[in-house]
S.K.: 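Before I ask anything, let me first share the structure, which is written out below as C-alpha cells.
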Amino acid sequence: MTSTTHVAPATSTSEDSDTGQALDIWGLNIGYGAGPDVVSDVNLRVAEGEIVGIIGESGCGKSSVGLALLGLLPAAARTEAYRLRVAGKDLVGLGERELARIRGNDVSMIFQEPMSALNPVIRIGDQISEVLLLHGERDKRRAAARALELLTMVQVPEPELRMRQYPHQMSGGMRQRVMIAIAMAANPRLLVADEPTTALDVTVQAQILALLTQLRDKTGMGMVLISHDLGVIASTCDRVAVMYAGQIVEEGTPKQVMENPAHPYTRGLLASIPRRTHAAGTDLPAIIGGIRPEDRALPGCRFAARCPMAEQRCLQPQHLLDAETPGHTARCVLSTRGLVTEDRS
Ligand SMILES: Nc1ncnc2c1ncn2[C@@H]1O[C@H](COP(=O)(O)OP(=O)(O)OP(=O)(O)O)[C@@H](O)[C@H]1O
Ligand SMILES: [Mg+2]
C-alpha cells in the first residue's frame with residue numbers, strides 16, 4: 001500500500017509546459033502522522049539527460065522526496081503537490097495500479113543497500129528476467145537474453161557466469177551493478193538513485209558513478225542523485241539542490257553552490273568537508289546541533305536557530321531568492337546583500 005498524492009487543481013495550470021522534462025515537481029509537501037511536514041514546498045525540475053543532486057544532512061527529507069517520485073511512500077504518509085510529473089505523466093491522484101505501471105517503466109529507483117533488494121536464493125539472471133517478464137516480456141528465453149545484455153551494459157565482467165550466480169557470490173559493487181541493470185530494464189526516463197554508493201569503498205564508488213553517468217549519456221534519461229556527500233555530487237551532477245529541514249535552501253550548479261555558497265547552511269556543509277568523519281545517518285560536525293522537529297514548523301528561516309548570522313528579519317517567511325549569478329538561488333535574506341558570500345571566519 002502506498003499513499004495517494006493530492007492536488008489543489010486551481011493552481012496547477014501555471015507554468016504547465018514540461019517538454020523535455022524528466023521530472024517536474026511543484027509545491028510538494030510530505031508529512032508522516034500528526035507531526036509537521038517533513039518536506040515543505042519543494043519545487044524541482046530535472047531535464048532529460050540532466051543529473052540533479054539532492055544533498056543535506058540526515059532527516060532533512062531527501063529519501064521522502066525520492067520515494068514520492070515513485071509513489072512509494074507508506075500509506076500513512078500525507079502527500080500534497082500542485083504538480084508531480086514524471087516523464088510528462090502526472091502522478092497526482094493516481095491509484096496504486098496506475099503508479100505501479102509508471103514505476104519501473106517511466107521511473108526506477110536504486111538504493112544504498114543492494115543486498116536487501118535482491119532475493120538471496122534466486123540466481124542473478126533469473127532475478128533480472130523476472131523483472132522483464134513483469135514488464136511485458138512473454139518469452140523466457142528472450143528475457144534471459146535481454147538479462148545478459150543488461151548485465152553487459154552495466155559492465156559486469158563475465159556476465160554469462162554471473163547470470164548463474166547468487167547475490168552472496170558477488171561484491172557490493174557488483175550487486176549494485178545488478179540493481180542498476182534491473183532499474184534500467186524498462187528503459188526509464190528518470191532514475192532516482194538514493195545514496196547509491198554510500199555503502200561502497202571509494203574506488204568502487206567512483207566506478208558506479210562513472211557507470212551512472214555513462215548510462216545517462218547513452219539513454220538520455222534524467223537522474224536524481226541523493227547523497228550526503230558533496231564530493232559525489234560535485235563529480236556527477238549538473239545541478240544541485242541543498243535541503244535543510246524539509247526545504248530546498250539553495251540551488252545551482254555544483255560550481256555555483258560550492259565555490260560561492262549563498263546560504264549559511266551550505267557554508268556549514270562545506271566547512272565540514274575537511275573533517276569528513278561523518279557517514280550517512282550521522283550529523284555534520286561543523287554545524288552545531290541538528291534538525292529539530294519544531295524547526296520544520298517555523299514560519300521564518302528553519303536554520304535560524306543554528307545560524308551564526310541570524311538576525312531579527314530571519315524570523316519572517318523566507319523565499320528562494322536569486323543569488324549573484326543566473327540559475328543560482330538561496331532561501332536567505334542575507335544572501336541578497338552578498339553578506340553571506342564573503343568569508344567571515
Ligand atoms: N515511514 C516514516 N514514518 C515516520 N516518519 C518518517 C518515516 N520516514 C521518514 N520519516 C521522518 O521524516 C524525516 C525525513 O526523513 P528522510 O528519510 O526523508 O530523510 P533523509 O534526508 O533521507 O535522511 P538520511 O540521510 O538519514 O537518509 C525524518 O525526520 C524521518 O524521521
Ligand atoms: Mg535517506
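Note that ligands are numbered from 1 as they come in the structure, with each ligand's atoms numbered from 1 the same way. Quick caveat: nothing in here was measured; it's all calculated off a predicted structure.
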S.K.: Would you give the length of the straight line joining atom CD of Glu48 to atom CD of Glu50, rounded to the nearest 0.5 angstrom?
M.R.: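 Glu48 CD to Glu50 CD: 11.0 Å, rounded to 0.5 Å.
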
S.K.: Would Arg296 count as a contact residue for ligand 1, given that I'm defining contact as a non-hydrogen atom of the residue lying under 4.0 Å from a ligand atom?
M.R.: yes

S.K.: Which residues and atoms, protein N, O or S only, are under 2.8 Å from the Mg ion (ligand 2)?
M.R.: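 Listed by chain and number, the atoms are Ser63 OG.
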
S.K.: Could a heavy atom of Gly56 be found less than 4.0 Å from some atom of ligand 1?
M.R.: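 Contact absent.
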
S.K.: Hey, what do you get for CD1 (Ile110) to CZ (Arg177), rounding to the nearest 0.5 Å?
M.R.: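 Answer for the CD1-CZ pair, Ile110 versus Arg177, is 11.0 Å.
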
S.K.: Going by distance only, is there an N or O of Ser63 that falls short of 3.5 Å from an N or O of ligand 1?
M.R.: yes

S.K.: Between Val38 and ligand 1, does any nitrogen or oxygen pair lie at a separation below 3.5 Å?
M.R.: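 No.
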
S.K.: Name the residue from Arg45, Arg189, Lys89 that meets the salt bridge (charged side-chain N to carboxylate O under 4.0 Å, His left out) definition with Asp24.
M.R.: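 That would be Arg45; it is the only one of Arg45, Arg189, Lys89 passing the salt bridge (charged side-chain N to carboxylate O under 4.0 Å, His left out) with Asp24.
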
S.K.: Please tell me if the side chains of Leu190 and Val224 come closer than 4.5 Å, counting only heavy atoms from C-beta onward.
M.R.: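 Heavy-atom side-chain distance check passes, below 4.5 Å.
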
S.K.: Go through the steps to decide whether Gln316 and Arg313 satisfy the test side-chain hydrogen bond (donor to acceptor under 3.5 Å, both in side chains), and finish with yes or no.
M.R.: CA-CA 6 Å; Gln316 303 298 319; Arg313 63 195 176 126; over 6 Å; no

S.K.: Which is it for Pro74 and ligand 1 at heavy atoms under 4.0 Å: side chain, backbone, both or neither?
M.R.: side chain

S.K.: Can you check whether Ile291 reaches Arg306 side chain to side chain, under 4.5 Å on heavy atoms?
M.R.: yes

S.K.: Using 30° and 60° as the class limits, which term best fits the ring planes of Tyr265 and Tyr244: parallel, tilted or perpendicular?
M.R.: tilted

S.K.: Would Ile30 end up clustered with Leu298 when hydrophobic side chains under 4.5 Å apart are linked, directly or stepwise?
M.R.: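 Ile30 and Leu298: separate clusters.
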
